[in-house]
Amino acid sequence: MAKPGFSWPICHEAKAGKPGYEPYEECPAGMTAVSSRTDGDRSFLGRDDKDQCTKTVNQCSNRAAFRTQFGDKRENERKGVTIRQINQNNDNDVFNRDNGCMVQITQPRPRRADPYYFDIPNDKGVKQRAWFNLND
């Protein structure tokens with residue numbers, strides 16, 4: 001976690017420890033968190049930000065639903081959504097030439113409004129997460 005410009009006070013009595021930092025929300029259901037950076041960028045920066053969400057879908061299985069969700073090119077650009085066709089061409093399978101149905105959808109991962117947290121144990125010893133933001 002990047003230092004916020006000062007040392008964190010630690011409350012040993014609360015058993016909270018040091019704060020954590022998670023800048024991103026979970027990806028929407030069915031999507032997986034991935035990094036937009038290449039391997040070289042990750043090693044250079046010393047981090048692996050999983051800043052995007054991705055999924056592979058068959059756009060032909062329900063074209064109407066796919067078009068409803070991803071058919072507006074301007075809206076996709078506004079939201080940072082990219083759709084990349086996956087080449088399924090297999091030269092050994094003459095009956096299953098690339099049909100253009102499989103696509104990879106990638107979109108920015110939602111950012112948390114409150115990215116810092118403390119895990120604080122309650123009176124039964126079960127840790128509860130308290131989120132906060134340093135910019136408020």
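R109 approaches E25 most closely through the heavy-atom pair NE-O, 2.7 Å. Taking each heavy atom of C53 and P110 in turn, the nearest pair found is SG-CD, 4.3 Å. Across all their heavy atoms, K50 and Y24 have their closest contact at O-CD1, 3.8 Å.
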request  = Report the C-alpha distance between M102 and T56 in whole Å, list the side-chain angles of each, state the deciding distance to 0.1 Å, and finish with yes or no for side-chain contact (heavy atoms from CB on, under 4.5 Å).
outcome  = CA-CA 7 Å; M102 298 305 290; T56 301; 3.7 Å; yes
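Annotation: side chain to side chain donor-acceptor pair (under 3.5 Å) contacts involving residues 66-75, sequence neighbours excluded, comprise E75-R78.
With sequence neighbours excluded, the residues that form a ring-ring contact (aromatic ring centres under 6.0 Å, His included) with F118 are F132.
Rounding to the nearest 0.5 Å places OG1 of T82 at 9.0 Å from CG of N76. Distance OG1/T106 to NZ/K55: 11.0 Å, rounded to 0.5 Å. Between atom CD of residue Q52 and atom OG1 of residue T32 there is a gap of 12.5 Å, rounded to the nearest 0.5 Å. To the nearest 0.5 Å, atom CD of residue Q85 and atom CD of residue Q59 are 6.5 Å apart. One finds the CD atom of Q128 at 15.0 Å from the OH atom of Y117 (value rounded to the nearest 0.5 Å).
I105 belongs to a hydrophobic cluster whose other members, connected by ILVMFWY side-chain contacts under 4.5 Å either directly or through intermediates, are M31, V57, F66, F70, V81, I83, V103.
At a threshold of 4.0 Å, the pair E22-R111 does not count as salt-bridged, since none of the basic side-chain nitrogens sits closer than that to a carboxylate oxygen.
Between the side chains of D49 and S35, no donor-acceptor pair is found at a separation under 3.5 Å.
Side-chain contact between P115 and N133 is present, with at least one heavy-atom pair separated by less than 4.5 Å.
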